[in-house]
Novice: 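First the structure, which I've put down as structure tokens, then a few questions once you've had a look.
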Amino acid sequence: MNMSEQNTPSAAGAHTTNNGAAGTETSAPYGSTAPRRRTRIHHLREYKRRGEAWAMLTSYDTYTARIFDQAGIPVLLVGDSAANNVYGYESSLPITVDELLPLVRAVAGAAEHSLVVADLPFGSYQASPEQALHTAVRFMKAGAHAVKLEGGRRYADHVEALVAAGIPVMGHLGFTPQSEHGLGGYRVQGRGDQAENLLADARTLQEVGAFAVVLEMVSSDAAKRVTGELEIPTVGIGAGPECDAQVLVWTDMAGLNTGQTPRFVKRYAEVGNELARAASEFASEVRDGQFPTSEHGFD
Ligand code: KIV
């Protein structure tokens, strides 16, 4: 299939040359070698307008970025979930900008088509719009195409400052892991009276220029309401089927994380088991003298 003719988020052709309202995207200016068929934020709005759901996955390294990019995942998130998945911390709170930056560089360097979103870690943006801008600029210089931050109305000025500087911002509402202790643990958000607050936060993020909003562990009813009211896409994780897009942490989705996964995770593969099998087969072949053979050596 000719990728440039296809304009759907559901396959490899998610990456298109169509520049929406601005017309067809032309070659990159100033002698840049940047690929032209990058998913742009206007594509995501277009998918919403057309009612086409799309997928986002986390990625923290070159190999997964390349594989997911080739698989047609339009948006890759270098999430602060790297805290658990790369660094082995118990929560996302300890990860620092300096720890996340090299992962963003790796993913952005490998993704030819996907839009790469960098998560702003806890403590790197909350203090002021200036701090948020300073941190976001570091991620953009590392190759990110957008940043994500957690929180609603109280970070309106922060989001506005980034958008004014030309940095696309993805919001994150509902259960926000960086506020785990303030929220009293892993609790579903948006039920009952909380729905109005959630909606007000989402509307504000849209008003100040966010291009999408993650809804994490939000009741399906509330997520449906927010999705219906916003022009920008909602990206659900444990927020029901009515969101415009869905995101999963790749290690959960692919079964690399063999520990307990939340109820909203679906495992599409058992990569952890397969790796364990490969590692023990390698070890046993070395032990038994079956590896290496002459075909793996040099004359
Ligand atoms: O860091 C992360 O992986 C995230 C997703 C759960 C949305 O924020």
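In each ligand, atom 1 is the first atom listed, and ligand 1 is the first ligand listed. All values below come from the heavy atoms of this structure, side chains included, with hydrogens, waters and symmetry mates left out.
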Novice: Using a cut-off of 6.0 Å, state whether more than 12 heavy atoms not belonging to R191 lie near its atom CZ.
Specialist: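 For R191, atom CZ is not crowded (no more than 12 foreign heavy atoms under 6.0 Å).
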Novice: Would you check whether E150 reaches within less than 4.0 Å of ligand 1, judged by its heavy atoms?
Specialist: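 The answer is no: ligand 1 sits nowhere under 4.0 Å from a heavy atom of E150.
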Novice: Any salt bridge between R138 and D98, counting N to O under 4.0 Å?
Specialist: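 The answer is yes: the pair qualifies as a salt bridge.
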Novice: D80 versus ligand 1: do any nitrogen or oxygen atoms come within less than 3.5 Å of each other?
Specialist: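 Looking only at distances, the answer is yes, because the N/O contact criterion of under 3.5 Å is met.
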Novice: Do NZ/NE/NH1/NH2 and the carboxylate oxygens of E46 and R40 come within less than 4.0 Å?
Specialist: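 Looking at R40 together with E46, the answer is no, because their closest N to O distance does not fall below 4.0 Å.
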Novice: With side-chain contact (heavy atoms from CB on, under 4.5 Å) as the test, pick out the partner of V213 among D244, V169, I232.
Specialist: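 It is I232, the one option of D244, V169, I232 that forms the side-chain contact (heavy atoms from CB on, under 4.5 Å) with V213.
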Novice: Against ligand 1, does K148 come closer than 4.0 Å with any heavy atom?
Specialist: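 A heavy atom of K148 does come that close to ligand 1.
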Novice: Heavy-atom count around F282 CZ within 6.0 Å, excluding the residue itself: above 12?
Specialist: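 Counting neighbours around CZ of F282, 12 or fewer heavy atoms of other residues, nucleotides or ligands fall under 6.0 Å, so no.
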Novice: In terms of heavy-atom contacts, does CG of D193 have more than 12 from other residues, nucleotides or ligands at under 6.0 Å?
Specialist: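 No, because the 6.0 Å sphere around CG of D193 holds 12 heavy atoms or fewer from other groups.
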Novice: Would you mind listing which atoms of ligand 1 come within a distance below 4.0 Å of any non-hydrogen atom of G79?
Specialist: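 So the atoms of ligand 1 that pass are 1 (O), 2 (C).
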Novice: Flag D119 as yes when one of its N or O atoms lies below 3.5 Å from any N or O atom of ligand 1, and as no otherwise.
Specialist: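 Checking ligand 1 against D119, an N or O pair does fall under 3.5 Å apart.
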Novice: Are F291 and H296, when compared by the centres of their aromatic rings, separated by less than 6.0 Å?
Specialist: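 Ring centres of H296 and F291 closer than 6.0 Å.
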Novice: Just which atoms of ligand 1 are under 4.0 Å from any heavy atom in V249?
Specialist: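 Ligand 1 atoms under the 4.0 Å threshold to V249: 3 (O).
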Novice: What protein heavy atom is closest to atom 3 (O) of ligand 1, reported as residue, atom name and distance in Å?
Specialist: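 Answer for atom 3 (O) of ligand 1: S81 OG, 2.5 Å.
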Novice: Can you name the atoms of ligand 1, numbered from 1 with element, that are less than 4.0 Å from a heavy atom of I237?
Specialist: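 Counting from 1, the qualifying ligand atoms are 6 (C).
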Novice: Of all the atoms in ligand 1, which lie at a distance below 4.0 Å from a heavy atom belonging to T58?
Specialist: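 Those atoms are 3 (O).
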Novice: Quick one: look up the protein heavy atom nearest atom 4 (C) of ligand 1 and list residue, atom name and how far away it is.
Specialist: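 Looking only at protein heavy atoms, the one closest to atom 4 (C) of ligand 1 is L77 CD2, 3.6 Å.
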